[in-house]
Amino acid sequence: MGDEVGRQEFTRDDRTRYRTKVRRCLDVFARMLRESRFEFDRPTTGLEIELNLVDDLGDPAMRNAEALEAIADPDFVTELGQWNLEINIAPRLLTGGGISEFEDVVRRSLNEAEHKAREVDSHMVMIGILPTLQPKHLAVSALSGNPRYALLNEQVLAARGEDLHIAIDGVERLQLTADSIVPEGACTSTQFHLQVSPDSFPAYWNAAQAIAGVQVAVGANSPFLLGKELWRETRIALFQQATDTRSVELKEQGVRPRVWFGERWITSIFDLFEENVRYFPALLPICDAEDPVQVLERGDTPSLAELRLHNGTIYRWNRPVYDVVRDQPHLRVENRTLPAGPTVVDMLANGAFYYGLVRMLAEEERPLWSQMSFSAAEENFTAGARAGLDAQVYWPGLGTVPVAELVLRRLLPMAHEGLVRLKVDEAERDRLLGVIEQRCLTGVNGATWQARAFHHHYDHTALDRPEALRRMLRTYRDLMHTNEPVHTWPVS
């Protein structure tokens, strides 16, 4: 969604042409699936991390353009808010020390970028929601300079027809009215990619959906928004509401939201792209000159630009991805459930848990999703986001259980076996899954630590709430650089 765009206004004819082109792309995609035109050898993984920029005090630093110029690394790109950046890590295999290579590359890149960002009085923080954000930071003027974001903002609000209303009930209650989509920029995530074959895609996507509630509970790192303590992973509720194009009346009619868990298990990746086309009008009806039918018939690979653009404006928590690299098409599951941070090792532990678990679940003879309703998976997702490690979730054969107990007794052994099948080194398996185990045993993840550290300052000193949050964040930033997992962090 960060690509440059030139057009700023769309006519009715633009939208009609775009709808026709998207459907043509969908027909070509279906034909490519039938003809098995996709590259797949071994499961390649990828990683994206969204970051926050802060000043020395810990307040948002609206300097992503200056920071990018100083960093001068094409792996770093803008995100929606001027205090946001994103780093894209080149894909690699998990075998033969691949996870350690991920860790080394990410830490080296972030350390170099942090050093250069200091030249423009900025520091990088990996966290689900920057706790020092205030309402004044969420004005439309805080949008990044890329014209894509201004255009997206205009189209979302035009589709909605009114301001955005955000209401989140958690430990405390927050209500906010916004005249732009800038609050979406508060949500910073880690995105894990997994390249799969067309035949195995449904099993991997279903598996990712089934464990989303557990993932977000164990990895929660977003307890604060605009000074209020809300859900353990408040980012889930905020993202759902900050990009909602529906008016109240359309919600009552059952129109689907663009941030969407989904509503059913799938039998083909085509199901997801077809739903996108059937249910969601275009936000950015930009047409490419390519004719996908002609490209396919001459033996080349179509970009399916309109289908991909449309897919990029529908924010599934597990998104299907069609992409072309070196003229070879491939498919990926993009896992978007987790927040950024707290450390690189914490994020890679989340990744090891995810990759190992979906591998096992996707290969089971009796699939988990044949024993579990889709609505139960969605309820688990909400429960995990609300309560984090204190959540109760449903699991087939066990009923409703504490999520930490489920992970320790059932899911960690499965994730370990999945990593064995992926040929992940034994030392990497034990170290990273050991981080997940200790989070569950201690009851401490990023969200828990943030809340405890904040209350240490706020409840026992004369500091006001904004300053207590700054103190907590500055300590978080220092501990983040140690790369010691968050469950080991001291509170004071």
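All residue numbers refer to positions in the sequence shown, counting from 1. All heavy atoms count here, side chains included; hydrogens, waters and symmetry mates do not.
- Each salt bridge (charged side-chain N to carboxylate O under 4.0 Å, His left out) pair with one or both residues in residues 81-96, not counting sequence neighbours, appears once here: R92-E101.
- Between the side chain of S144 and the backbone N or O of E79 there is at least one donor-acceptor pair closer than 3.5 Å.
- Not counting sequence neighbours, the partners of L68 by the side-chain contact (heavy atoms from CB on, under 4.5 Å) test are F76, T78, L85.
- A salt bridge links D346 with R439; the closest basic N to acidic carboxylate O contact falls under 4.0 Å.
- A salt bridge links E263 to R256: at least one charged side-chain nitrogen sits closer than 4.0 Å to a carboxylate oxygen.
- No salt bridge links D27 with R24; every basic N to acidic carboxylate O contact stays at or beyond 4.0 Å.
- Rounding to the nearest 0.5 Å gives a distance of 11.5 Å between CD of E184 and CG of D244.
- Salt bridge E103/R108: absent, no basic N to carboxylate O contact under 4.0 Å.
- A donor-acceptor pair is defined here as one N or O able to donate and one able to accept, closer than 3.5 Å; no such pair exists between the side chain of H310 and the backbone of R19.
- Legend: salt bridge (charged side-chain N to carboxylate O under 4.0 Å, His left out) pairs involving residues 320-335, not counting sequence neighbours, sorted by first then second residue: R308-D323, R319-E334, D323-R332, E334-R336.
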Q | Trace of the salt bridge (Lys or Arg N to Asp or Glu O under 4.0 Å) decision for E364 with R366 | A | CA-CA 5 Å; E364 284 190 326; R366 186 186 178 193; over 6 Å; no
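- Of the residues listed (Q215, Q191, H193), the one engaging N335 in a side chain to side chain donor-acceptor pair (under 3.5 Å) is Q215, and it is the only one.
- By the ring-ring contact (aromatic ring centres under 6.0 Å, His included) test, Y355 pairs with F192, sequence neighbours left out.
- Taking 4.5 Å as the limit, some side-chain heavy atom of L51 sits within range of a side-chain heavy atom of L110.
- Qualifying salt bridge (Lys or Arg N to Asp or Glu O under 4.0 Å) partners for R421, counting only residues two or more places apart in sequence or in other chains: E363, E417.
- Remark: T190 OG1 to N350 CG distance equals 7.0 Å, nearest 0.5 Å.
- Classified by interplanar angle (parallel below 30°, tilted 30° to 60°, perpendicular above 60°), the ring pair W265/W369 is tilted.
- Aromatic ring orientation, F270 versus F29: parallel (interplanar angle below 30°, classes split at 30° and 60°).
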Q. For R316 and E275, what are the C-alpha separation, side-chain angles and deciding distance, and is it a salt bridge (Lys or Arg N to Asp or Glu O under 4.0 Å)?
A. CA-CA 11 Å; R316 296 178 186 269; E275 284 180 348; 3.0 Å; yes
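- For E35 and R37, the salt-bridge test passes: some basic side-chain N is under 4.0 Å from an acidic carboxylate O.
- Distance alone, capped at 3.5 Å, places no donor-acceptor pair between the D300 side chain and the L296 backbone.
- Qualifying side chain to side chain donor-acceptor pair (under 3.5 Å) partners for D288, counting only residues two or more places apart in sequence or in other chains: none.
- Between E112 and R107, none of the side-chain N atoms (NZ, or NE/NH1/NH2) sits under 4.0 Å from a carboxylate O, so this pair counts as no salt bridge.
- Applying ring-ring contact (aromatic ring centres under 6.0 Å, His included) to F374 and the options F261, F381, Y394 leaves one that passes, F261.
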